[in-house]
Amino acid sequence: MIFAETPTNPMMKVLPLRALSALAKAHGALFAVDNTFLTPYYQRPLTLGADIVVHSGTKFLSGHHDVCCGLAVVGEDPALADRLALIQRTLGNALSPFDSWLTLRGIQTLPLRMEKHSANALAAANYLAAHPRVAQVNYPGLPSHPQYGLLREQASGAGGVLSFLLADDRVQSVLHGGKLIRFAESLGGTTSLITYPQTQTHASVPASLREKIGITPRLLRLSVGLEHPDDLLEDLETMLK
């Protein structure tokens with residue numbers, strides 16, 4: 001299997017799904033895509049050659065920080081669907097009725113939420129890109145992003161997650177300096193969350209590999225919520241003083 005996450009967490013690199021699908025098929029392998037960040041609203045990997053699409057339903061699909069679930073979706077391959085269904089039945093990893101209801105409830109507002117997440121994220125990305133304390137912003141919705149063109153080819157939006165590199169070592173004051181933006185590890189909910197990948201999401205990755213892919217001590221990840229953009233930018237200004 002070739003397993004791809006796009007955009008990647010937390011560097012927000014965009015991967016060429018059609019090319020990876022062709023590579024997998026050439027070697028008789030399955031192609032799976034983690035579509036958590038963009039959701040089916042902005043990106044549909046099954047139409048780009050994926051065999052399996054996975055989501056952390058905890059994030060944007062449910063959208064309210066109140067459920068823990070994961071989803072696997074297959075295309076028009078009954079044998080593959082039956083295989084995954086058998087694994088689900090025998091391992092017992094089906095969602096509870098209440099968690100299923102919470103996820104379905106969240107999906108009803110997915111289009112509205114994703115539009116707002118993306119608009120707020122773009123505003124935050126532009127603000128951070130112009131800030132003297134920020135050395136780099138990783139957000140595929142910015143024209144300066146290296147894969148901006150590729151994203152526009154295979155997705156209709158850039159989503160609500162970005163990362164940025166501080167120009168100095170004053171990390172803790174940023175992480176703990178906000179009133180609206182909370183220091184927490186999750187993403188994709190109604191409230192904005194800031195995360196420190198170095199010691200949280202990617203703490204288990206060897207230091208040499210973290211350094212190689214850009215997860216350095218000055219890198220922060222921001223999941224942009226549904227707050228008013230003026231309030232978000234004011235909070236960022238406070239955090240970056």
Side-chain angles (χ1 to χ4, degrees), residues 1-64 67 69-85 87-88 95 99-100 102-122 125 138-143 145-162 186-189 223-224 226:
M1 175 185 286
I2 293 178
F3 185 89
E5 177 188 47
T6 182
T8 63
N9 178 26
M11 300 309 297
M12 304 306 297
K13 295 181 179 178
V14 180
L15 304 182
L17 296 183
R18 291 187 180 90
L20 289 172
S21 173
L23 180 63
K25 287 179 171 55
H27 292 273
L30 290 172
F31 180 41
V33 177
D34 185 332
N35 198 36
T36 296
F37 277 17
L38 294 187
T39 79
Y41 182 69
Y42 279 142
Q43 180 171 259
R44 300 184 177 182
L46 291 177
T47 67
L48 300 170
D51 299 299
I52 304 171
V53 180
V54 298
H55 300 269
S56 175
T58 306
K59 311 302 193 304
F60 289 106
L61 287 186
S62 61
H64 290 78
V67 65
C69 74
L71 307 173
V73 184
V74 301
E76 298 178 3
D77 187 340
L80 182 58
D82 290 344
R83 184 177 171 187
L84 288 178
I87 292 171
Q88 183 182 51
L95 287 177
D99 285 338
S100 299
L102 285 173
T103 304
L104 289 170
R105 178 212 59 181
I107 289 174
Q108 292 179 54
T109 60
L110 181 66
L112 295 172
R113 289 187 290 103
M114 290 307 294
E115 293 282 355
K116 181 62 172 175
H117 282 300
S118 296
N120 280 355
L122 182 59
N138 306 308
Y139 182 62
L142 290 177
H145 189 281
Q147 292 95 42
Y148 175 76
L150 176 61
L151 179 83
R152 291 172 65 86
E153 288 177 14
Q154 60 189 29
S156 58
V161 182
L162 60 91
S186 191
L187 60 93
S223 171
V224 185
L226 306 181

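Counting begins at 1 with the first residue of the sequence. The figures that follow rest on heavy atoms only: side chains count, while hydrogens, waters and symmetry mates do not. Being a predicted model, the structure only gives us computed values, none of them experimental.
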Problem set entry | Side chain proximity check, Met12 to Phe37, heavy atoms < 4.5 angstrom | yes
Exercise. CG of Asp51 to OG of Ser21: how many Å apart, nearest 0.5 Å?
Worked result: 6.5 Å
For this session: Locate the shortest heavy-atom distance separating Pro45 from Asn35; write the atom from each residue and the value.
Result: CD-ND2, 3.6 Å
Problem set entry | Leu38 CG to His117 NE2 distance, which is reported to the nearest 0.5 Å | 12.5 Å
Exercise. Is any side-chain heavy atom of Leu95 closer than 4.5 Å to a side-chain heavy atom of Val67?
Worked result: no
Problem set entry | Short side-chain to backbone donor-acceptor contact, Thr6 and Leu15, under 3.5 Å | yes
Exercise. Are the side chain of Arg44 and the backbone of Pro40 linked by a donor-acceptor contact shorter than 3.5 Å?
Worked result: yes
Exercise. If you take all heavy atoms of Ala158 and Pro140, which pair is closest and at what distance?
Worked result: CB-C, 4.1 Å
Exercise. For Ser223 and Ser186, which heavy atoms make the closest approach, and how far apart are they?
Worked result: CB-O, 4.4 Å
Exercise. Can you tell me if Tyr139 uses its side chain to pair, donor with acceptor, with the backbone of Gly160 under 3.5 Å?
Worked result: no
For this session: To the nearest 0.5 Å, tell me how far Thr8 OG1 sits from Gln147 CD.
Result: 8.0 Å
Exercise. Out of curiosity, Leu20 CG to Phe3 CZ, how far, rounded to the nearest 0.5 Å?
Worked result: 12.0 Å
Exercise. If you take all heavy atoms of His55 and Thr39, which pair is closest and at what distance?
Worked result: CE1-CA, 4.3 Å
Exercise. How long is the span from the CG atom in Asp34 to the CD1 atom in Ile52, to the nearest 0.5 Å?
Worked result: 12.5 Å
Exercise. Does the pair Thr36 and Asn9 meet the rule for a side-chain contact (heavy atoms from CB on, under 4.5 Å), with working shown?
Worked result: CA-CA 10 Å; Thr36 296; Asn9 178 26; over 6 Å; no
Exercise. Of the non-hydrogen atoms in Ala50 and Val33, which two are nearest, and what is the gap between them?
Worked result: CB-CG2, 3.8 Å
Exercise. Tell me, do Leu151 and His145 make a side-chain contact under 4.5 Å, heavy atoms counted?
Worked result: no
Exercise. What are the two closest heavy atoms between Leu122 and Gly141, and how far apart are they?
Worked result: CD1-O, 3.8 Å
Problem set entry | More than 12 heavy atoms of other groups within 6.0 Å of Lys13 NZ | no
Problem set entry | Reported CG-to-NZ distance for the pair Leu187 and Lys59, which is rounded to 0.5 angstrom | 5.5 Å
Exercise. Short question: side chain of Thr58, backbone of Cys69 - any donor-acceptor pair under 3.5 Å?
Worked result: yes
Exercise. Are side-chain heavy atoms of Leu17 and Gln43 found at a separation under 4.5 Å?
Worked result: yes
Exercise. Taking only residues at least two apart or on different chains, which pairs with a member in residues 102-112 satisfy side-chain hydrogen bond (donor to acceptor under 3.5 Å, both in side chains)?
Worked result: Asp66-Arg105, Thr109-Arg113
For this session: Check whether any side-chain heavy atom of Leu102 sits under 4.5 Å from a side-chain heavy atom of Ser62, and report yes or no.
Result: no
Exercise. Is any side-chain heavy atom of Phe31 closer than 4.5 Å to a side-chain heavy atom of Leu48?
Worked result: no
